[in-house]
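To keep things clear, I will list the structure first and then write my remarks on it.
Ligands are counted one by one from 1 in listed order, and the atoms in each one are counted from 1 as well. These figures come from a predicted structure and were not determined experimentally.
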Amino acid sequence: MYKELIEKAYEVRESAYAPYSNFKVGAALLTKDDKIFTGCNVECASFGGTNCAERTALFKAISEGYREFKAIAVVGKKGVLTPPCGICRQVLNEFANDIDVVLDDNNKEKIIKLNELLPYSFGPNDL
Ligand code: THU
């Protein structure tokens, strides 16, 4: 169902800058009108400056004027499940509470709703 999205996530993973963890991650975010924004993790010698792949993709999309999304694919090592971290779940939730999160589970697509990954979330409607 999301074959192309997973492929794009693996492609952009090649660009990951991860000299400290050596853990490369790629993400591909699908907009409501079927445009794809990709992102990789970008690490920093001051570790707190690191940006995850999911947020790189999301920030690229938001800064190009896209705010409505259907799905995001996240991949790490080939075929190994790489679920999004807590910070990325929270930041994605800001724009896309009900999107499909697409993971590579032993070379099979695993699709989970973001709101299943982040139940009882605090979001824009709670302020
Ligand atoms: N990382 C991501 O890019 N996305 C996640 O959801 C999990 C963690 C990155 C951050 C860091 O560069 C490396 O993986 C190890 O934590």
Within ligand 1, which atoms have a heavy atom of [X] less than 4.0 Å away?
X: Cys52; result: 1 (N), 2 (C), 3 (O), 4 (N), 5 (C), 8 (C), 10 (C)
X: Glu43; result: 11 (C), 12 (O), 13 (C)
X: Glu54; result: 2 (C), 3 (O), 4 (N), 5 (C), 6 (O)
X: Ser21; result: 13 (C), 15 (C)
X: Pro84; result: 6 (O)
X: Phe23; result: 13 (C), 14 (O)

Handout entry: Side-chain heavy atoms of Val101 within contact of Leu103, under 4.5 Å
Key =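 Yes, close enough: below the 4.5 Å cut-off.
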
Practice task
Can you pull out the closest protein heavy atom to atom 3 (O) of ligand 1? Residue, atom name and distance to 0.1 Å, please.
Solution key: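 So the nearest neighbour among protein heavy atoms is Ala53 N, 2.9 Å.
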
Exercise for the section: Starting from atom 7 (C) of ligand 1, find the nearest protein heavy-atom neighbour and note its residue, name and distance. Expected result: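 The closest one turns out to be Cys85 CB, 4.0 Å.
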
Handout entry: Neighbour count above 12 (heavy atom, 6.0 Å) for Lys24 NZ
Key =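 Yes, NZ of Lys24 has more than 12 neighbouring heavy atoms, counting only those of other groups under 6.0 Å.
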
Handout entry: Whether over 12 other heavy atoms sit under 6.0 Å from Ile111 CD1
Key =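 Atom CD1 in Ile111 is packed in, count exceeds 12.
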
Exercise for the section: Tell me yes or no: between the side chains of Asn41 and Tyr17, is some donor less than 3.5 Å from an acceptor? Expected result: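 Distance-only check fails for Asn41 and Tyr17.
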
Handout entry: Polar contact flag for Asn41 and ligand 1 (N/O pairs, less than 3.5 Å)
Key =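 Looking only at distances, the answer is yes, because the N/O contact criterion of under 3.5 Å is met.
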
Practice task
Give me the one residue out of Glu11, Arg13, Lys8 that meets side chain to side chain contact (heavy atoms under 4.5 Å, CB included) with Val75.
Solution key: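 Exactly one candidate clears the test, Arg13.
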
Handout entry: Whether Asp104 side chain and Asn107 backbone form a donor-acceptor pair below 3.5 Å
Key =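 Here the side-chain-to-backbone pair exists.
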
Problem - Separation of Glu68 CD from Thr31 OG1 (nearest 0.5 Å) - result: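 It comes to 9.0 Å.
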
